[in-house]
Amino acid sequence: MPEAPEVETVRLTLDPLIRGKALGTPWWSFLPLRNRVPDEASFRFLVGRPIRGTSRHGKVLFVHSETGGLVVRLGMSGRCLVQAQDAPLAPHTHLRWPLAPGETELRYVDPRRFGDVRPFVDEEDRATVIAPLGPDPTTLDQPAVAQAVSLALRRTRRSLKAALLDQALIAGLGNIYVCEALFIARLSPFRAAKGLTAPEATRLLAACHQVIQDGIARRGTTLNDYVDAEGRQGDNQHHLFVFAREGDPCHTCGTAVRRKTQANRSTYYCARCQRAR
DNA sequence: CCACTCCTGCGT
DNA sequence: ACGCAGGAGTGG
């Protein structure tokens, strides 16, 4: 579900609802998340401490306490919600943190359990989460960042699609926004990254920046069940060029959008606007 | 580079 | 019943 624009929208809506509130004792479902639900003791140092704010890198959301905080990865189907403590529980609610003062709580809901919530103890710990990740796509408007990514991109033997999905190269793009960026840059998803010219790479990274910024401005893409921290849907699904539009006419040339399986995932593209060479 | 895995739910 | 789903990791 969530790529950088969805996670950023969750963060923007979550922040004012939790900032300054104290985390209560967590309740959890005991079902394993991606890395097992941590034992209660690992969360205990956060209990009673106020939340200072939130941050994000790529698809990873951080909730900051006085020292340390929470690392939240939404996986495919994770939701981070703030709701009244007496509001009905959605199926697959795995974590609940009462927030004081007030009657609300922070809830983590994740049917597929590909996501993860765990504590980080200090900035050094948090840095280990970010270290393996490339720059956030919102920073691609800085020439030095774009230049560094461009060089790395043109060094890999993989397809453009696979390269852009690699969080070590750029952190935050997923299947939707990669397909969209490649369409905007008029580049084939199947082309080898290595074969890109410098101007093509520049064009592509500008497109990546654009789709992410537009996605944030439109509060994310709700195809099935993505919602922000207040339960509101996004808007960007009405502005997609190719993703989930198999058989529909390309907005540029009218050719039917195609879907092909690439590395076990769907790639949507316009075969006319995005020539392989 | 691909295939396959973790899970549940939904549309055909 | 089957294929597919916005992620990420592993192993061949």
Side-chain angles (χ1 to χ4, degrees), chain A residues 1-11 29-37 56-61 71-80 90-95 108-118 128-134 136-137 155-182 189-195 208 211-212 214-216 218-228 233-247 258-268:
Chain A
M1 162 173 30
E3 305 178 33
E6 289 73 41
V7 179
E8 179 64 4
T9 305
V10 168
R11 191 190 72 74
S29 68
F30 288 97
L31 288 174
L33 300 179
R34 173 160 276 290
N35 296 325
R36 313 277 154 209
V37 176
R56 179 190 63 78
H57 190 105
K59 303 171 188 173
V60 186
L61 171 67
V71 183
V72 182
R73 298 172 186 266
L74 299 175
M76 287 282 257
S77 57
R79 290 181 179 194
C80 219
H92 309 292
T93 300
H94 294 112
L95 275 157
Y108 179 72
V109 181
D110 189 355
R112 295 176 74 177
R113 287 185 276 128
F114 288 174
D116 187 26
V117 181
R118 67 169 188 84
T128 65
V129 177
I130 296 175
L133 302 175
D136 191 86
R155 224 180 288 132
T156 174
R157 308 180 62 83
R158 290 172 298 180
S159 66
L160 288 177
K161 174 77 187 297
L164 293 179
L165 282 174
D166 183 353
Q167 303 298 294
L169 200 67
I170 315 178
L173 298 172
N175 212 17
I176 298 177
Y177 294 97
V178 167
C179 290
E180 295 296 295
L182 285 164
F190 309 105
R191 238 179 101 173
K194 207 169 189 140
C208 290
V211 294
I212 294 300
D214 289 352
I216 293 170
R218 294 175 184 137
R219 309 173 37 79
T221 304
T222 300
L223 291 174
N224 275 315
D225 52 10
Y226 158 73
V227 289
D228 67 21
Q233 299 196 334
D235 216 18
N236 196 54
Q237 62 276 16
H238 305 303
H239 301 269
L240 298 173
F241 289 104
V242 287
F243 194 87
R245 294 193 64 240
E246 183 182 16
R258 295 175 65 173
R259 181 178 75 85
K260 259 192 189 170
T261 298
Q262 188 178 16
N264 257 359
R265 307 187 71 189
S266 286
T267 291
Y268 296 88

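Convention: sequence-line order gives letters A, B, ...; per-chain numbering from 1.
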_Say we look at dG6(C) and dC1(B): how far apart would their C1' atoms be, to the nearest angstrom?_
23 Å

*What about Arg112(A), does its side chain sit under 3.5 Å from the base of dA5(C) through a donor-acceptor pair?*
yes

*Can you find a side-chain donor-acceptor pair between Tyr226(A) and Glu3(A) that sits under 3.5 Å?*
no

*Under the salt bridge (Lys or Arg N to Asp or Glu O under 4.0 Å) rule, collect the residues that match up with Arg158(A), sequence neighbours excluded.*
Asp166(A)

*asked:* Could you check whether Gln262(A) and Thr267(A), counting side-chain N and O atoms only, form a donor-acceptor pair closer than 3.5 Å?
replied: yes

*Which nucleotide of DNA chain B is the first, and which the last, in the 5' to 3' direction, to come under 4.0 Å of a heavy atom belonging to chain A?*
dC1(B) to dG9(B)

*asked:* Whether Asn224(A) contacts dA5(C) is assessed here as follows: a side-chain N or O lying under 4.0 Å from the phosphate OP1 or OP2. Is that the case?
replied: no

*Using a 3.5 Å limit on both pairing distances, list the dot-bracket string of DNA chain C from the 5' end; Watson-Crick and G-U wobble pairs count, crossing pairs take [ ], interstrand pairs take |.*
|||||.||||||

*Please give, in whole Å, the distance from dC4(C) C1' to Phe243(A) CZ?*
11 Å

*Can you check the Met76(A) CE to dA8(C) C1' distance for me, whole Å?*
10 Å

_Sequence-distant partners of Glu180(A), side chain to side chain donor-acceptor pair (under 3.5 Å), two or more places apart_ = none

*asked:* Between P on dT10(C) and CG on Asn264(A), what's the gap in Å once rounded to a whole number?
replied: 17 Å

*What pairs with Tyr108(A) under ring-ring contact (aromatic ring centres under 6.0 Å, His included), at least two apart in sequence or on another chain?*
none

*For DNA chain B, which residues in residues 159-168 of chain A have a heavy atom at a distance below 4.0 Å?*
Ser159(A)

*asked:* Run the salt bridge (Lys or Arg N to Asp or Glu O under 4.0 Å) test against Arg259(A) and tell me which residues pass, sequence neighbours left out.
replied: Glu246(A)

*Got a sec, which residues hit side chain to side chain donor-acceptor pair (under 3.5 Å) with Arg113(A), two or more places apart in sequence or on another chain?*
none

*Considering all heavy atoms of both residues, which atom of Val109(A) and which atom of Ala90(A) are nearest to each other, and what is their separation?*
CG1-CB, 4.3 Å

*Nearest-Å distance, CZ (Arg265(A)) to C1' (dG9(C))?*
12 Å

*By nearest nucleotide on DNA chain B, pick out whichever of Phe114(A) and Arg157(A) is the more 5' one.*
Arg157(A)

*With sequence neighbours left out, write down each residue that passes side chain to side chain donor-acceptor pair (under 3.5 Å) with Thr93(A), or none if nothing qualifies.*
none

*Would you indicate which nucleotide in dC4(C), dG6(C), dA8(C) comes nearest to any side-chain atom of Lys59(A)?*
dA8(C)

*Round to a whole Å and report the spacing from CD of Glu3(A) to C1' of dA8(C).*
13 Å

*What is the distance from CD1 of Ile176(A) to C1' of dC4(C), rounded to the nearest Å?*
14 Å

_Holding to side chain to side chain donor-acceptor pair (under 3.5 Å), I want the full list of residues that pass it with Lys59(A), two or more places apart in sequence or in another chain._
none

*Check salt bridge (Lys or Arg N to Asp or Glu O under 4.0 Å) between Arg11(A) and all other residues, then give those that pass, not counting sequence neighbours.*
Glu8(A)

*Using whole Å, report how far CG of Leu240(A) lies from P of dG6(C).*
12 Å

_Tell me every residue that passes ring-ring contact (aromatic ring centres under 6.0 Å, His included) with Phe114(A), counting only those two or more places apart in sequence or in another chain._
none

_Whole angstrom value for the distance that separates P of dC4(C) from CZ of Arg245(A)_ = 20 Å

